[in-house]
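Please read these numbers as outputs of a predicted model, since none were measured by experiment. What you see below is based on every heavy atom in this structure, not just the backbone, and it leaves out hydrogens, waters and symmetry mates. Remember, it's 1-based here, ligands and their atoms both numbered in the order they're listed.
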Amino acid sequence: MTANREVRVFDDLGALSEAAASEIAAIAHAATAERGRFSIALSGGNTPRRTYELLAERYRDAIDWVRTDVIFGDERYVPPEDARSNYKMAREALLERVSIPAERIHAVPTDAPTVSDAAEQYDRTLRGLFDGPATVDLALLGVGPDGHTASLFPGSPALDERTRWAVAVDAPTTVQPAVARVTTTFPFINGARAVIVLIAGADKHRVVSEILGGAEAALAYPAARVTPRGRSLWMVERAVLPA
Ligand code: 6PG
């Protein structure tokens, strides 16, 4: 497992978000030109919010939203109106502000009776979007201070999933919000044609330094196992990696 990462460092979250939105638009444009569609898995948390807003503000006409499939790389098992919902954040920052058809927004069905049901349904939804192996054009990801990415937490059995593309995970004990999640898995994430990891916040200094330093021990951090078959771009706020 080799990690061929391109790392770019930005002075602040504003600059990082501008560069991320521009990269996303370029990848969308290339995918649509080459394959007639663009698929993107969104990340949750707080870091990507400004990037999503910029996509709505500056790229609403540049991205072919009608040919764009939006997936969620992970979701908290809460209703779509709950403040902790990744869908809610993405809807408010981006999706309700661009002309994307509702049927191209593939939200995790958090109204399923159990989180396992939600994950099973989401696995089927994802399989319906790709012919054969998982080949999402772009997976956006974040990294938590405990080294998690998507909702793949340290020590979780979900880290060793080989087959399913979406699984249920218990509420994390290392970070908030402590609610059960549905997450995409490494078979899905590492099939991506491109991954962009957005990282801001000084509390991530230790894990991100270890991961980027390439120490063997860092493989205990789920984010270190992001080794997509395509491009891997890590966009990092300077506060995470002080000189
Ligand atoms: C989630 C996320 C998660 C997130 C990291 C980083 O639903 O919690 O998708 O993996 O990306 O926790 O979050 P921040 O960038 O907000 O710190």
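The salt bridge (charged side-chain N to carboxylate O under 4.0 Å, His left out) contacts involving residues 112-124 comprise Asp123-Arg127, where partners must be two or more places apart or lie in separate chains.
For ligand 1, the 4.0 Å heavy-atom shell takes in Gly44, Gly45, Asn46, Thr47, Asp74, Arg76, Asn86, Gly142, Val143, His148, Thr149, Ala150, Arg181, Lys204, ordered by chain and residue number.
Salt-bridge annotation for Lys88 and Asp82: absent, with no side-chain N of the basic residue lying under 4.0 Å from a carboxylate O of the acidic one. We find that Arg50 and Glu18 are not joined by a salt bridge, their nearest charged nitrogen and carboxylate oxygen being 4.0 Å or further apart.
Looking at residues two or more places apart in sequence or on another chain, you find a ring-ring contact (aromatic ring centres under 6.0 Å, His included) between Phe153 and His148. By the ring-ring contact (aromatic ring centres under 6.0 Å, His included) test, Trp165 is found to be paired with Phe188, residues two or more places apart in sequence or in another chain being considered.
The closest side-chain heavy-atom distance from Arg231 to Glu23 is below 4.5 Å.
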